[in-house]
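I have placed the structure first, in the form of structure tokens, so that the comments after it can refer back to it.
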Amino acid sequence: GTHYEQKAKAYLIKHGLTCIHENYYCRYGEIDLICTDEHNLIFVEVRYRGQNAPISPAESITRQKQQKLIKTASHYLQKYQLSDRMACRFDALLVHGGIITHRIEWIQNVISL
């Protein structure tokens, strides 16, 4: 939800990234956050699962979800004519636990093209 996406955004900014888009939508799907660092354009999927969830946040990023992320990222790159300007990667920000006590795990380069 929005609460965890805002926590994720703050976490990434604290760790040196610049967030340039939130909740980018197109007909293929949605990308939660689009960020940059010195060298990369980074498409970030934010996933939250509570302490008693049957699957982890990482397990919730299915192959089907990955394909949607790839198509949505391609749409973004074409729309803003960025496909040959920057290296790109997909990261996942996984939030484990509850609203008050939670742990954030940042996995970089989570999807291989």
Side-chain angles (χ1 to χ4, degrees):
T2 304
H3 174 76
Y4 293 104
E5 287 176 13
Q6 291 305 310
K7 289 217 174 270
K9 180 180 174 184
Y11 180 90
L12 293 171
I13 290 169
K14 180 180 172 184
H15 286 85
L17 272 62
T18 301
C19 289
I20 58 173
H21 273 93
E22 295 179 49
N23 299 60
Y24 176 77
Y25 289 97
C26 74
R27 64 183 175 168
Y28 302 113
E30 178 212 0
I31 296 177
D32 296 323
L33 299 168
I34 301 173
C35 303
T36 60
D37 63 13
E38 293 178 19
H39 310 287
N40 300 288
L41 185 64
I42 306 161
F43 300 100
V44 181
E45 177 67 10
V46 178
R47 287 297 190 159
Y48 164 76
R49 291 293 180 268
Q51 293 172 325
N52 299 322
I55 62 171
S56 73
E59 291 171 321
S60 73
I61 305 174
T62 63
R63 189 73 185 140
Q64 182 179 10
K65 177 62 177 174
Q66 291 176 32
Q67 292 302 318
K68 285 183 176 185
L69 289 168
I70 291 166
K71 286 181 181 178
T72 305
S74 294
H75 184 272
Y76 179 87
L77 292 170
Q78 290 176 3
K79 180 177 180 178
Y80 292 100
Q81 300 176 348
L82 297 171
S83 57
D84 58 349
R85 291 191 191 164
M86 295 185 88
C88 299
R89 74 173 196 241
F90 292 88
D91 290 2
L93 219 72
L94 311 174
V95 183
H96 307 267
I99 291 176
I100 297 174
T101 58
H102 60 273
R103 178 177 57 88
I104 295 176
E105 179 182 5
W106 181 13
I107 302 175
Q108 298 179 21
N109 214 22
V110 72
I111 298 174
S112 299
L113 297 178

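Heavy atoms only: backbone and side chains are in, while hydrogens, waters and symmetry mates are out. Only a predicted model underlies this, so the values are computations on that prediction, with no experimental measurement involved.
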> Please walk me through it: do Glu5 and Glu22 pass side chain to side chain contact (heavy atoms under 4.5 Å, CB included)?
Replying inline: CA-CA 9 Å; Glu5 287 176 13; Glu22 295 179 49; 5.9 Å; no
> NZ of Lys9 to CD of Gln6: how many Å apart, nearest 0.5 Å?
Replying inline: 5.5 Å
>> Tell me if a side-chain donor or acceptor on Asp32 pairs with a main-chain N or O of Val46 at a distance below 3.5 Å.
In response: yes
> For the hydrophobic clusters of this structure (ILVMFWY residues joined by side-chain heavy atoms under 4.5 Å, transitively), does one cluster hold both Tyr28 and Tyr76?
Replying inline: no
> How many angstroms lie between atom CD of Glu45 and atom CD of Gln66, to the nearest 0.5 angstrom?
Replying inline: 10.0 Å
>> Below 30° counts as parallel, above 60° as perpendicular, anything between as tilted: where do the rings of Tyr24 and His21 land?
In response: perpendicular
> Would you say Lys65 has more than 12 foreign heavy atoms packed within less than 6.0 Å of its NZ?
Replying inline: yes
> Can you tell me if Asp91 uses its side chain to pair, donor with acceptor, with the backbone of Asn109 under 3.5 Å?
Replying inline: yes
> In terms of hydrophobic clusters joined by side-chain contacts under 4.5 Å, are Leu77 and Ile20 together?
Replying inline: yes
> Which distance, rounded to the nearest 0.5 Å, do you find between the OH of Tyr11 and the CG of Leu93?
Replying inline: 6.5 Å
> When rounded to the nearest 0.5 angstrom, what distance separates CD1 in Ile42 from CG in Leu17?
Replying inline: 4.0 Å
> Do Ile13 and Tyr4 belong together in a cluster built from hydrophobic side chains that touch within less than 4.5 Å?
Replying inline: no
> Out of curiosity, Gln67 CD to Thr72 OG1, how far, rounded to the nearest 0.5 Å?
Replying inline: 11.0 Å
